[in-house]
There are 2 protein chains.
Amino acid sequence: MAQRSGAAAQPIRTAVTADDGIDFSIIELLYFAYRDFTSDPDQILAEYGFGRAHHRVLHFVNRMPGLTVAELLDVLKITKQSLARVLKQLIDAGYIVQVQGPRDRRQRELYPTPKGRTLTLALARPQSRRIDAALEGAGETERAWIERFLKAMVNPELRAQIDHLPGNTPGKDHGE
Amino acid sequence: MAQRSGAAAQPIRTAVTADDGIDFSIIELLYFAYRDFTSDPDQILAEYGFGRAHHRVLHFVNRMPGLTVAELLDVLKITKQSLARVLKQLIDAGYIVQVQGPRDRRQRELYPTPKGRTLTLALARPQSRRIDAALEGAGETERAWIERFLKAMVNPELRAQIDHLPGNTPGKDHGE
DNA sequence: CAATTTATGTCAGCACTGTTGACATAAATT
DNA sequence: AATTTATGTCAACAGTGCTGACATAAATTG
């Protein structure tokens, strides 16, 4: 009742559009694209009793084998309590192993097991196929623009992190 | 214990790369890009006690004023119980109003109030700015490729839905 | 008109994944 | 020897999905 102290607010019957100075097309495309992009692995994960959080951990442990817990937290930007829950399940189920850090014995280096590697690839495969299909007709130039765009969408201070992942061409910000 | 019936699984020390036949770069870029893309409105929403689900409802009600509850469910692909929770809050707080359907009086047409319109634009503004910045240096051709790519990432049967949103150029699948 | 279907609302409970706060341990650093 | 750091763990809570069940009013159908 608090919000209707006077007359009820009138409904606005016109749609917001690009005329409002906002890029609604790409906003919506990102939402729909990401939703469907994640739906493929989600289905597979459900069969294992895992969720999207497990996927992320598995993914980055496979992409950066030997990374420490602290490093993983820094990539994912979540709290250690959030990570602990899913990491423990992945370790208990034999998808990831922890190895004591060689220099600093407090650290836990994370590695995939063969089982973990297999699952990671199985989860990535449909996503990669979807990307391939979406790139149909695009050449190297177009692909570069798309990558450049996506990378530029990331917070600037985190872009360096992306460059440290294997097989990613670093610092492609203007031209070749 | 079940997973260690024999020797413990050995850690794999090599990273997965594009050599595994999978497009890890774009997979990761989509994750990071989407995460940061949503972080801007998330901060604003938190001030209102709202979450990302409220944003989505607000967004599509503003983009398609007068759409019914059933239509909104079809766009969002969630259950009515999930929608009910956030929709009720948005209505109670005066961001959205319901109007009885003129033909079918069972239907509830959803419209933004001026307050709802204002919030929607405020949430979209930082996202649009981020997109603008990410498109820096891109011309119309490059932008078209990026939109084409994102649209092609969406499940085919849902692409028509996107075309029905205001101001979206439909069916740009091969050239103009 | 009576029966059925449809559009919407609502209650209850559960799962997943994020959060904060507090506390514990072992190892490194000072 | 004291402090800091890396990690783990317990507990509680929030947001947002889900399923299942049931209720109401309005439209449709036979």
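Naming: A, B, ... by sequence-line order, numbering from 1 per chain. What you see is a predicted model; the values in this text were computed from it and never measured.
Between A/Lys151 and A/Glu147 no salt bridge is recorded (no basic side-chain N to carboxylate O distance below 4.0 Å).
Listed candidates were C/dG9, D/dA6, D/dC18. Nearest to the side chain of A/Gln107 is D/dA6.
Across all strands shown, the partner of C/dC23 is D/dG8, judged by Watson-Crick or G-U wobble contacts whose two distances both fall under 3.5 Å. Nucleotide C/dT17 has D/dA14 as its partner under the Watson-Crick or G-U criteria, with both atom distances under 3.5 Å.
Aromatic ring centres of A/Phe60 and B/Phe24 lie farther apart than the 6.0 Å criterion allows. For A/Phe50 and A/Tyr95, the distance between ring centers is under 6.0 angstrom.
In terms of position along DNA chain C, the nucleotide closest to A/Ala53 lies nearer the 5' end than the nucleotide closest to the other residue of the pair A/Ala53 and A/Asp104. Comparing A/Ser82 and A/Gly49 along DNA chain C, the residue whose closest nucleotide (by nearest heavy atom) sits nearer the 5' end is A/Gly49. Position along DNA chain D of the nearest nucleotide to B/Phe50 versus A/Ala70 favours A/Ala70 as the more 5'-ward residue.
B/Gln81 contributes a side-chain N or O that forms a donor-acceptor pair with the base of D/dG20 under 3.5 Å. Put simply, the side chain of A/Arg106 and the base of D/dT5 share a donor and an acceptor less than 3.5 Å apart. Scanning atom types as modelled, one donor and one acceptor separated by under 3.5 angstrom connect the side chain of A/Lys80 and the base of D/dG8. Within 3.5 Å, a donor on the side chain of A/Arg85 pairs with an acceptor on the base of C/dG18, or the reverse.
Between B/Arg105 and D/dA27 there is a side-chain polar atom (N or O) within less than 4.0 angstrom of OP1 or OP2. One finds no side-chain N or O of A/Gln100 lying less than 4.0 angstrom from the OP1 or OP2 phosphate oxygen of D/dA6. When the side-chain nitrogen and oxygen atoms of A/His54 are compared with OP1 and OP2 of C/dT17, one or more of them lie within a distance under 4.0 Å. For A/Arg103 and D/dT5, the shortest distance from a side-chain N or O to OP1 or OP2 is not below 4.0 Å. Distances shown here put a side-chain N or O of A/Thr79 below 4.0 Å from the OP1 or OP2 atom of C/dT19.
Judged by distance alone, the side chains of A/Gln127 and B/Asp23 never bring a donor and an acceptor atom under 3.5 Å apart.
B/Phe37 does not carry B/Arg130 over the face of its six-membered ring by the limits of under 6.0 Å from the centre and within 45° of the normal.
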